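Before any comments, here is the structure.
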Amino acid sequence: MKRTKINKLLKSEGPIDDILIKGWIRTRRDSKTFSFIEMNDGSCLANIQVIADDKLPNYEDIRKINTGSSVSVRGKLVPSQGKGQKWEVQAEEFEIIQAAPEDYPLQKKRHSDEFLRTIAHLRPRTNKYGAAFRIRSDISYAIHRFFRENGFRYVHTPILTGSDCEGAGEMFKVTTLSAGRNDIQNDFFGKEAKLTVSGQLEAELLALALGDVYTFGPTFRAENSNTRRHAAEFWMVEPEMAFCDIEDNMDLAEKIIKYVIEYVFAECNQDLELFCRFVDKGLKSRLESIAGSDFIRLPYNEAVNIMKKSNEKFEFPASYGSDLQTEHERFLTEKYFKKPVIVFDYPKEIKPFYMRLNDDEKTVAAMDVLVPQIGEIIGGSQREERYAFLKSRMIESGLSLDDYWWYLESRKYGSAPHSGFGLGFERLIMLITGITNIRDVIPFPRTPKNIEF
RNA sequence: UCCCCGGUAGCUCAAUCGGCAGAGCGGGUGGCUGUUAACCACUAGGUUGUAGGUUCGAGUCCUACCCGGGGAGCCA
């Protein structure tokens, strides 16, 4: 007999005579001649209540099973006599697949996030982390659906790269040489290899052939960042669009965030409800406001002006030419506008070489999407499509033209205006769930000094 | 990498001025009840992060290190 998943059973229109369910025990409550058993199979947040009575041949063993045990139950789906659930399962066969011993680390009460991180192999079995990883899957699907509906093609950019610097910080080296050897010519690739920090450059090349494309994959940063918003391995969504300027780019950035929020409202109600109730009381109204209002679009200079004119006491006062501090971002999104803000046209000195130089020759067509609580969730730009400008910016930035000959060549043969951005996938999940630490939205986080599991 | 805070039972936390290491949850045993993170009783459970130091006496004070959290920088 084929098993039925609990999310289907709970939506049943009527009783069912014979069903098979498999899952894990969340809690057991004994009565004199029978037990209530809450079972969860991960298909949804909710448990199903199983009634196991003393007519079962192995009832003595059932009365001893603990939280965490895996079981298989055959029986009838019947209306529940108790309050709190519509349906329950009257067990007719109850197989204990494996009984969890009494040292199972998860109790029925709430655990701290810090403790659960030390048992990352078991935390998906909790309500909160089960919901987080289900919603991560659903958001992932929503992103693919969004791009498909908007005529984008999904492209796979390399994870191993020979480019030395893509403008985004320290990289992990990849080698097959034993420690201490540095005869790179004998290494696997015959030259230095790294883990990618971004698929952008390669995505640009595909955009200049397929039109609108996106990548969605893992990226790696070897920065010694110890914050709740940074991980050494994280997933990034990177669209790249041909014949597209920075305005279109901002439109798309705003559109995708709203789309995903609306998708989650429509499809992930149960899990979202958990986050609204237990993780962040202000979550629902914040998400509604993000989905329902226009994002502010603010040139960098005006952003600095706003901060200069405000009475806010900043630790580092805003000044033209230096990047916005975290406190500035928070001020703009949480106090001044109280909604997402897209800051654009940054000074060229603080942005990477590939961003398109504006006519003022001082700023570049960069744009960052800042959201309340998280800060920067998207960074993007119109790309420099003019060969001469790109070349001189690369020289200015101290890059080796030889390493990027292929990138430069895309500006030699039928170059075209194009734009794109990087959306931090984990930061998007944080925004949508209200979870405040990036280590809790990725099942097995990699951060400095942490690569267990 | 820098600044701040913390580390006590499996988990979450108490422990007054430096003076007998405790509670709830979880576990075990028994009871009770169509129960709802059930309830009641009993019970086991400790190298107080590690190494040194001060002291008659250290969970508590000092030093170093390790680990965790928050903030900053880097960014997504």
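As the structure is a prediction and not an experimental result, all values here were calculated from the model. Chain letters run A, B, ... following the sequence lines, proteins first and then strands; every chain starts at 1.
Looking at A:E88, its side chain has no donor and acceptor atom pair within 3.5 Å of the base of B:U36.
A salt bridge between A:E396 and A:R393 is present, with a side-chain N of the basic residue lying under 4.0 Å from a carboxylate O of the acidic one.
Protein atom CD1 of A:I119 is 9 Å distant from nucleotide atom C1' of B:C11, rounded to whole Å. Across the protein-nucleic acid pair, A:L122 atom CG and B:G26 atom C1' stand 15 Å apart, rounded to whole Å. Between the CZ atom of A:R28 and the P atom of B:U33 there is a distance of 17 Å, rounded to whole Å. Atom CD1 of A:I350 is separated from atom P of B:C75 by 9 Å (rounded to the nearest Å).
The CG atom of A:D17 lies 8.5 Å from the CD atom of A:E92; values are rounded to the nearest 0.5 Å. Atom CG of A:N224 is separated from atom OG1 of A:T447 by 10.0 Å, given to the nearest 0.5 angstrom.
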Polar-atom pairs under 3.5 Å, protein N or O versus N or O of nucleotides 41-46 of chain B: list them with distances, or write none.
none

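Spacing between B:U12 and B:G53 at atom P, rounded to whole Å, works out to 32 Å. Going from the P atom of B:C40 to that of B:C32 covers 16 Å, rounded to whole Å. Going from the P atom of B:C62 to that of B:U54 covers 15 Å, rounded to whole Å.
Residues of residues 418-453 of chain A that place a heavy atom closer than 4.0 Å to RNA chain B, in numerical order, are A:G422, A:G424, A:R427, A:N437, A:I438, A:R439. If you check residues 225-240 of chain A against RNA chain B, the residues with a heavy atom closer than 4.0 Å are A:S225, A:N226, A:T227, A:R228, A:R229, A:H230, A:A231, A:F234, A:M236, listed by number. Against RNA chain B, the stretch residues 321-344 of chain A makes heavy-atom approaches under 4.0 Å through A:Q325, A:T326.
Both A:E102 and A:N224 sit near RNA chain B, but only A:N224 has its closest nucleotide nearer the 5' end. A residue-by-residue look at A:E376 and A:G84 shows that A:G84 has its nearest nucleotide of RNA chain B further toward the 5' end.
Counting non-hydrogen atoms of neighbouring residues, nucleotides and ligands closer than 6.0 angstrom, the CD atom of A:E149 exceeds 12 such neighbours.
Panel note: side chain A:D245, backbone A:D248; a donor-acceptor pair is recorded below 3.5 Å. Between the side chain of A:E426 and the backbone N or O of A:W235, at least one donor-acceptor pair lies under 3.5 Å.
A glycosidic torsion no more than 90° from 0 defines the syn conformation, and B:C17 adopts it.
The residue A:E315 sits apart from the nucleic acid: no heavy atom pair falls under 4.0 Å.
Side-chain atoms of A:E114 lie closest to B:G68 of the nucleotides B:G34, B:C74, B:G68. Candidate nucleotides B:C74, B:G26, B:G69 were compared by shortest atom distance to the side chain of A:Q107, and B:G26 ranks first.
In RNA chain B, runs of at least 3 stacked Watson-Crick or G-U pairs (N1-N3 plus N6-O4 or O6-N4, or N1-O2 plus O6-N3, all under 3.5 Å) give these stems: B:1-7 with B:66-72, B:10-13 with B:22-25, B:27-31 with B:39-43, B:49-53 with B:61-65.
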Contact letters for nucleotides 3-8 of chain B, in which S counts primed atoms plus P, OP1 and OP2 and B counts the base, heavy atoms under 4.0 Å: ------
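Proximity of A:R29 to the phosphate of B:U35: no side-chain N or O atom is located under 4.0 Å from OP1 or OP2. Close to B:U36, at under 4.0 Å from its OP1 or OP2, lies no side-chain N or O of A:R26.
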